[in-house]
Structure formats: C-alpha cells, structure tokens
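To start, the structure under review is shown below, and the notes come after it.
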2 protein chains.
Amino acid sequence: MSRTAGSSGAKTLAAIREAGLQLIYEHGYEAMTLRRLARKVGLQPGSLYNHIATKQELLFDLIHNHMITLMESLDKALEGHTNPVESLKAFTAFHLTYHIERKREVFIGSAELRSLDPENREIIVGLRRTYEDRLCAILEAGVASGDFIAEDVRVAAYAILAMLTGICTWYDPGGRIDRKALIRIHEQLVLDGVTKNR
Amino acid sequence: MSRTAGSSGAKTLAAIREAGLQLIYEHGYEAMTLRRLARKVGLQPGSLYNHIATKQELLFDLIHNHMITLMESLDKALEGHTNPVESLKAFTAFHLTYHIERKREVFIGSAELRSLDPENREIIVGLRRTYEDRLCAILEAGVASGDFIAEDVRVAAYAILAMLTGICTWYDPGGRIDRKALIRIHEQLVLDGVTKNR
DNA sequence: TATAAAAACGAACATACGTTCTTTTATTTT
DNA sequence: AAAATAAAAGAACGTATGTTCGTTTTTATA
C-alpha cells in the first residue's frame with residue numbers, strides 16, 4: 001500500500017496533535033512512543049514524519065500553542081475590568097474555567113517542561129511568567145487602592161495560582177460538584193485570602 | 001574485577017535509593033535509565049540487581065516509604081491538638097515544613113503515580129486518601145464547633161492542599177522568603193478561607 | 001581456618017526506540 | 001491529460017534499554 005484515499009495533510013496533523021496530547025497526558029512524554037502514537041492515528045511510524053519534524057517539536061508545538069491561547073484568552077477575560085476586586089474575580093473565574101476545560105494541555109504544560117530542550121523551555125517559561133505577572137499586577141493595584149492586603153504580592157500570587165491550578169488535578173466535570181459552585185467557592189477563598197483584616 | 005573492598009549491602013542500597021530519588025526527580029522515571037543510575041552510584045548496571053528486584057520496585061519503594069513516613073509524621077504533629085483552629089494551624093505548618101524539606105519525594109509521589117503498576121498505584125492512592133481524610137476531619141470538627149464555615153468540606157480540603165502543595169514547586173529554601181514567614185502567611189490564608197463571614 | 005554467602009564485574013540477551021529512506025499511490029496543479 | 005507534489009507504506013538503521021547470567025573476589029558464618 002501507499003497513500004490512502006481521502007488523506008489530507010491538515011486532517012492528519014490535527015489527528016496527530018490530538019492523539020499526542022492524549023497520550024502524553026496519560027503516559028508522559030518519555031513514555032509515549034511514536035509507534036503507539038502512529039497506531040492511534042492509523043499510520044505507520046515513519047509516516048508521522050510527513051507532518052512533524054521530530055518528537056520534541058511535537059511536544060513544543062502542543063505546549064506553545066496552549067500558552068499562546070491561554071494568554072490571549074486571559075487578556076480577553078480581563079478586558080474592561082478596572083476595579084481590582086472585579087479583576088481578581090474575573091481572573092479566578094477565567095483561570096478555573098480554562099484550566100478545567102483544557103485539563104490536558106495545562107497538565108502537560110507544567111509536567112513536561114523538563115522534557116523540553118533548553119531553548120524551547122526558556123520560551124515557555126517566559127510565557128508563563130507573563131501570565132503570572134497579570135495576577136501580580138491585579139494584586140498590586142488592589143494593594144495600592146487599599147482593597148487588598150498582602151504581605152508579599154508574589155507569594156500571594158503563587159499561593160493563589162497553586163490553589164487554583166491544583167483544582168484541575170482532581171476536579172471531575174461530570175462529578176458531584178457544579179462548576180459554577182466551584183468558581184463561587186474559590187472566588188471567595190481567593191478574595192478572603194487577600195482582604196481580611198490581619 | 002569483582003566485589004569491591006569495603007562494599008556493604010546496606011550502604012549500596014541507600015546510595016541507590018538516594019541517587020534514584022535525585023534522578024527521577026530531575027528527569028522523571030521513564031527518562032531515568034538504570035545505566036545512568038548505576039554510573040551515579042559507581043556500579044555496573046547489572047550489579048544493581050543485587051539490591052533491587054526491578055526498576056519498578058525501586059520506584060514503588062521510594063514512594064511507599066515516603067507516604068508511610070508522611071503519615072507517621074503528620075499524626076505526631078497533630079498529637080495533643082483538640083481545638084480545630086489550632087489543629088488546622090498545626091496541619092498547615094507541618095504540611096509546609098514537610099513538603100519543603102522533602103521536596104523531591106513529594107514531587108515524585110504525585111508526578112510518578114502514573115508510572116506505577118496498577119496494584120502499586122492503588123496502594124499509594126489509598127495512603128494519600130488517608131492523608132486527605134485527616135484534613136477533612138479537622139475541617140469537619142471546625143464546622144461542627146462553629147469555628148469554620150465551609151460550603152463543601154472536601155472541596156475546601158482539596159483547595160487547601162493544592163495551595164499548600166503548590167508551594168514546594170517554586171519555594172527556594174535559600175531564597176528571599178523566610179520559611180517562618182511563609183508558614184505564617186499561609187496559616188492566615190488557610191484560616192481566612194474557612195473562617196470569614198460570607 | 002574452612003565454608004557459605006554477599007557483592008561486584010563484564011559480557012550478553014532480546015526488545016524497543018526515534019528516525020531515515022525508497023517506493024507506491026493519491027491528489028493537486030498546469 | 002500530463003506533470004508535479006503530497007501522503008502514505010514498509011523495511012531498515014544504529015542505538016539504547018531493562019534484565020539475566022556466569023565468574024570472581026570480598027565479607028560473614030561455622
């Protein structure tokens with residue numbers, strides 16, 4: 001056999017991306033073999049190389065795409081909010097929603113950082129830093145306006161991010177807890193953490 | 001050559017454990033090769049099998065040991081506390097301290113869960129559940145006594161654990177932030193999250 | 001001190017990996 | 001319709017992996 005009827009580059013690449021995402025999420029980058037990936041897509045191992053340059057490049061593509069989308073979505077979600085309290089609520093809601101919806105991408109984006117080549121890793125770490133900075137800016141604005149109290153803005157930001165991101169390691173969208181309730185509870189937790197009198 | 005002068009089973013096993021811990025922490029279980037591990041310990045690859053049964057068993061040993069120690073230490077730390085507020089503070093301080101001191105074990109204990117054989121994984125998941133239950137019990141006691149308010153105890157517990165555990169992914173013991181300050185800040189964050197009027 | 005056990009070496013094993021290359025067939029372009 | 005390109009197959013590559021085995025030397029036991 002050779003080229004399959006109905007085969008199209010764009011469709012196959014999309015299938016490779018989706019299957020790769022799932023396999024890396026399930027087993028990790030190192031544990032995912034290209035043979036397994038090929039089988040899942042319905043190809044021979046060698047045929048993958050008509051669409052990807054290398055296994056490493058596939059990983060970077062997945063993470064990089066995710067980070068770009070994350071940043072763009074965040075900036076859209078924060079648009080129009082000037083009040084620090086409202087901004088923080090918007091950030092919390094966005095972060096939770098996005099991290100629940102893109103559970104796999106988020107997980108890979110942090111767990112497989114170490115599997116990236118140094119140059120690739122640096123790019124991703126830079127993007128992540130930019131994301132953290134958005135939260136820091138909100139907290140700083142709130143401290144300046146007197147709405148928030150935070151002993152150390154960066155510590156508070158990391159604590160908040162850790163708490164929110166941790167959610168998607170156990171949250172089950174089809175489970176007992178409603179998503180809106182989850183967001184409400186965490187908005188409150190986050191706000192209380194930076195507003196209560198000390 | 002053959003058996004080295006001064007070689008002792010216990011010492012070599014300890015060296016293998018320590019080197020394995022470090023290598024798995026740095027590169028992940030799948031990415032750690034037994035040849036690399038052997039080189040780090042100063043052995044030939046085959047000689048490892050005088051001390052471990054298999055690569056998988058080494059991973060399980062490391063994680064299992066960690067979980068057992070974690071539980072014992074927690075119960076010691078909670079001993080004598082009856083007041084829910086004090087218990088929660090003690091839990092927070094213990095969790096942070098332990099997770100900072102045993103950064104590597106903690107990381108491996110969650111990141112490499114998926115690298116465990118199903119039977120091994122089940123054992124670890126059970127132990128982890130027991131740990132979470134300790135926190136839930138404290139929160140429930142606090143709700144019953146009127147000290148805490150929590151819409152959903154399990155959600156609150158997971159949020160707290162996620163926040164606290166997330167710390168050890170970025171906290172640098174030699175860095176800008178003092179450990180005692182870190183504990184103080186988080187005790188407050190945690191308490192605020194479950195005590196403030198809604 | 002003789003004997004058994006432990007701990008190391010070093011070679012070898014089957015297997016699996018990421019990747020390359022040639023060939024064949026389908027699709028697109030001219 | 002012919003030519004060029006794209007996408008697949010399938011075999012092969014060198015290399016690395018976890019593990020086993022027979023041998024040798026050191027330590028512990030009797």
Side-chain angles (χ1 to χ4, degrees), chain A residues 1-21 23-24 26-63 108 112 114-118 120, chain B residues 1-24 26-63 108 112 114-120:
Chain A
M1 265 203 275
S2 54
R3 179 167 187 174
T4 304
S7 64
S8 131
K11 277 206 144 195
T12 306
L13 178 56
I16 291 173
R17 281 218 177 92
E18 166 58 29
L21 191 67
L23 286 177
I24 296 175
E26 281 173 18
H27 308 103
Y29 174 75
E30 294 282 349
M32 177 199 71
T33 75
L34 291 185
R35 282 172 172 76
R36 201 164 179 175
L37 175 61
R39 202 178 325 124
K40 187 156 188 156
V41 179
L43 292 180
Q44 292 295 334
S47 303
L48 291 173
Y49 287 83
N50 284 316
H51 307 277
I52 65 171
T54 169
K55 191 188 177 190
Q56 167 73 207
E57 196 223 54
L58 172 61
L59 176 65
F60 176 70
D61 254 32
L62 289 174
I63 299 182
I108 293 173
E112 298 298 353
R114 64 173 162 199
S115 302
L116 287 172
D117 286 345
N120 286 342
Chain B
M1 265 203 274
S2 54
R3 178 166 185 171
T4 304
S7 64
S8 129
K11 278 204 143 196
T12 306
L13 178 56
I16 290 173
R17 282 219 178 92
E18 166 58 29
L21 191 67
Q22 184 63 29
L23 286 177
I24 296 175
E26 281 173 17
H27 308 104
Y29 173 75
E30 293 283 349
M32 177 198 72
T33 75
L34 291 185
R35 282 171 173 77
R36 199 165 180 175
L37 175 61
R39 204 180 322 126
K40 186 156 190 155
V41 179
L43 292 179
Q44 292 292 355
S47 304
L48 291 172
Y49 287 82
N50 284 316
H51 307 278
I52 65 171
T54 170
K55 190 189 178 190
Q56 167 73 205
E57 197 224 52
L58 172 62
L59 176 64
F60 176 69
D61 254 33
L62 289 174
I63 299 182
I108 292 173
E112 298 298 352
R114 65 173 162 199
S115 301
L116 287 173
D117 286 345
E119 323 91 59
N120 286 340

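Just so we're on the same page: letters track the sequence lines, and every chain starts at 1.
In this structure, Q44(A) reaches the dG10(D) phosphate: one of its side-chain N or O atoms is under 4.0 Å from OP1 or OP2. Checking the phosphate oxygens (OP1, OP2) of dA7(C), no side-chain nitrogen or oxygen of T12(B) falls inside 4.0 Å. Remark: T33(B) is not in phosphate contact with dA16(D), judged by side-chain N or O atoms under 4.0 Å from OP1 or OP2. OP1 or OP2 of dT19(C) has at least one side-chain nitrogen or oxygen of T54(A) nearer than 4.0 Å. For H51(B), a side-chain nitrogen or oxygen approaches OP1 or OP2 of dA8(C) to under 4.0 Å.
Positionally, the nearest nucleotide of DNA chain C for N50(B) lies more toward the 5' end than for the other of R35(B) and N50(B). Heavy-atom nearest nucleotides on DNA chain D were determined for G46(A) and for A31(B), and the one closer to the 5' end corresponds to G46(A).
Contact check for L59(B) versus I108(B): side-chain heavy atoms found under the 4.5 Å cut-off.
Regarding L34(B), its CG atom lies at a distance of 20 Å from the P atom of dA12(C), rounded to whole Å. Between the P atom of dT19(C) and the CG atom of L43(A) lies a distance of 16 Å, rounded to the nearest Å. Remark: C1' of dT17(D) and CZ of R39(B) are 13 Å apart, rounded to the nearest angstrom. Going from atom CD1 of I52(A) over to atom P of dA7(D) covers 14 Å, rounded to whole Å. Rounded to whole angstrom, the span from the OH atom of Y49(A) across to the P atom of dA11(D) amounts to 18 Å. As rounded to whole Å, 8 Å separates atom P of dT19(C) from atom NZ of K55(A). What separates CE of M32(B) from P of dA16(D) is a distance of 18 Å, to the nearest Å. For the pair R36(B) CZ and dT15(D) C1', the computed distance is 16 Å after rounding to whole Å.
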- Between L58(B) and L37(B), is a side chain to side chain contact (heavy atoms under 4.5 Å, CB included) present by the stated rule, with each step listed? CA-CA 11 Å; L58(B) 172 62; L37(B) 175 61; 3.8 Å; yes

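Using a 4.0 Å heavy-atom cutoff across all strands shown, L48(A) reaches no nucleic acid atom at all.
For a distance-only test at 3.5 Å, the side chain of S47(B) fails to qualify as a donor-acceptor partner of the base of dA7(C).
Residue D61(A) holds its CG atom at 11.0 Å from CD1 of I16(A), rounded to the nearest 0.5 Å. Separating the CG atom in L48(A) from the CG atom in L43(A) is a distance of 6.0 Å, to the nearest 0.5 Å.
Here the shortest heavy-atom pairing between K55(A) and L34(A) reads CG-CD2, 3.8 Å.
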